[in-house]
*Asks:* 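Shown below is the structure under consideration.
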Amino acid sequence: MVITSPFMLELCEYIAQHMRAKGVWPDCTGADIANAAEDNDQVTSWYYDALAYFKEKNWYYSLDEVKDPEEFMTVNIRTKGRVDTYWYLGGVWKHAGSMDY
């Protein structure tokens with residue numbers, strides 16, 4: 001499948017930044033990611049990986065990475081093929097749900 005949606009291509013650029021930052025694909029471009037992806041779901045999954053790597057938009061690999069949580073904060077924890085969402089309520093993390101992705 002060829003990725004052509006402008007939104008998905010924007011995600012591909014972000015994923016390419018992730019590949020370059022990790023050093024696994026030093027000259028990676030968004031076009032490379034778009035060509036490597038099997039479908040939009042794979043791009044979405046890779047995007048979640050990149051968000052957790054950069055710790056952006058409240059995405060992390062573990063709750064231990066969250067510094068100074070605030071009341072009512074929502075975070076997404078990325079593990080292989082899965083996203084778990086947590087809310088910080090009353091000084092503790094409460095599991096809000098999961099999705100396989």
Side-chain angles (χ1 to χ4, degrees):
M1 173 181 188
V2 176
I3 305 297
T4 58
S5 155
F7 174 73
M8 296 307 286
L9 291 172
E10 186 177 321
L11 298 187
C12 289
E13 290 294 337
Y14 188 78
I15 296 162
Q17 178 185 353
H18 172 225
M19 294 292 100
R20 292 189 305 268
K22 286 181 70 173
V24 296
W25 194 349
D27 59 348
C28 185
T29 67
D32 292 330
I33 297 298
N35 289 328
E38 293 178 13
D39 54 33
N40 288 342
D41 286 344
Q42 189 168 40
V43 171
T44 302
S45 181
W46 291 345
Y47 178 66
Y48 293 160
D49 293 336
L51 285 170
Y53 178 83
F54 290 121
K55 297 176 180 55
E56 292 187 341
K57 299 183 181 183
N58 287 343
W59 283 77
Y60 302 91
Y61 288 122
S62 146
L63 287 174
D64 295 334
E65 295 180 339
V66 182
K67 304 300 180 208
D68 303 317
E70 298 178 9
E71 189 71 6
F72 304 113
M73 182 180 194
T74 301
V75 299
N76 295 295
I77 303 301
R78 179 66 169 158
T79 55
K80 185 171 176 119
R82 183 179 175 98
V83 175
D84 289 288
T85 302
Y86 292 86
W87 293 319
Y88 194 72
L89 302 169
V92 295
W93 289 108
K94 305 279 186 177
H95 189 253
S98 302
M99 87 175 153
D100 293 331
Y101 222 103

*Asks:* If you count every heavy atom of other residues, nucleotides or ligands that lies below 6.0 Å from Glu13 atom CD, does the total exceed 12?
*Replies:* yes

*Asks:* Enter the distance from Thr44:OG1 to Asp49:CG here, rounded to the nearest 0.5 Å.
*Replies:* 11.0 Å

*Asks:* Please identify each residue that fulfils ring-ring contact (aromatic ring centres under 6.0 Å, His included) with Tyr14, with sequence neighbours left out.
*Replies:*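 Once residues adjacent in sequence are excluded, the partners of Tyr14 under the ring-ring contact (aromatic ring centres under 6.0 Å, His included) criterion are Tyr47, Phe54.
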
*Asks:* Working to the nearest 0.5 Å, report the span between OG of Ser98 and OH of Tyr86.
*Replies:* 6.5 Å

*Asks:* How close do Asn40 and Met8 get, counting heavy atoms only, and between which atoms?
*Replies:*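 Closest heavy-atom pair between Asn40 and Met8: O-CE, 3.3 Å.
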
*Asks:* For Gly30 and Ala16, which heavy atoms make the closest approach, and how far apart are they?
*Replies:* N-CB, 3.6 Å

*Asks:* Given Ile3, which of Leu11, Ile33, Val43, Asp39 fulfils the side chain to side chain contact (heavy atoms under 4.5 Å, CB included) condition?
*Replies:*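 Filter result, single survivor: Val43.
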
*Asks:* Can Val92 be reached from Val75 by stepping across I, L, V, M, F, W or Y side chains whose heavy atoms are under 4.5 Å apart?
*Replies:* no

*Asks:* By side chain to side chain donor-acceptor pair (under 3.5 Å), which residues pair with Thr4, not counting sequence neighbours?
*Replies:* none

*Asks:* Check the surroundings of atom CD in Glu71: do more than 12 heavy atoms from other residues, nucleotides or ligands lie under 6.0 Å from it?
*Replies:*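 Counting neighbours around CD of Glu71, more than 12 heavy atoms of other residues, nucleotides or ligands fall under 6.0 Å, so yes.
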
*Asks:* Could you give all pairs that pass the ring-ring contact (aromatic ring centres under 6.0 Å, His included) test and reach residues 56-81, with sequence neighbours left out?
*Replies:* Tyr48-Trp59

*Asks:* Go through the structure and list residues passing side chain to side chain donor-acceptor pair (under 3.5 Å) with Asp41, not counting sequence neighbours.
*Replies:*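 Residues passing side chain to side chain donor-acceptor pair (under 3.5 Å) with Asp41: Tyr101.
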
*Asks:* What residues form a side chain to side chain donor-acceptor pair (under 3.5 Å) with Arg20, not counting sequence neighbours?
*Replies:*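 So Arg20 forms no side chain to side chain donor-acceptor pair (under 3.5 Å) with any residue.
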
*Asks:* Would you say Trp87 ends up clustered with Ile77 if hydrophobic residues are merged whenever their side chains have heavy atoms under 4.5 Å apart, either directly or through other cluster members?
*Replies:* no

*Asks:* Are Trp46 and Val83 co-members of a hydrophobic cluster defined by side-chain heavy atoms under 4.5 Å apart?
*Replies:*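 Same cluster.
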
*Asks:* Report, one line per pair, each donor and acceptor closer than 3.5 Å where one atom sits in a side chain of residues 21-29; sequence neighbours left out.
*Replies:*
residue, atom, partner, partner atom, Å
Thr29, OG1, Ala31, N, 3.4
Thr29, OG1, Asp32, N, 3.1
Thr29, OG1, Asp32, OD2, 3.2

*Asks:* Side chain of Asn58, backbone of Thr74: donor and acceptor closer than 3.5 Å?
*Replies:*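 Yes, the answer is positive, given that a donor and an acceptor are paired below the 3.5 Å cut-off.
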
*Asks:* Answer whether the closest heavy-atom distance between the side chains of Met73 and Trp93 falls below 4.5 Å.
*Replies:*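 They are in contact (side-chain heavy atoms under 4.5 Å apart), so the answer is yes.
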
*Asks:* Can Leu51 and Arg78 be said to form a side-chain contact (heavy atoms from CB on, under 4.5 Å), step by step?
*Replies:* CA-CA 9 Å; Leu51 285 170; Arg78 179 66 169 158; over 6 Å; no

*Asks:* Between atom CG of Asn76 and atom CE of Met99, what is the distance when rounded to the nearest 0.5 Å?
*Replies:* 7.0 Å

*Asks:* What closest approach, in Å, do Glu70 and Tyr88 show between heavy atoms, and which atom pair accounts for it?
*Replies:* O-CD2, 3.4 Å

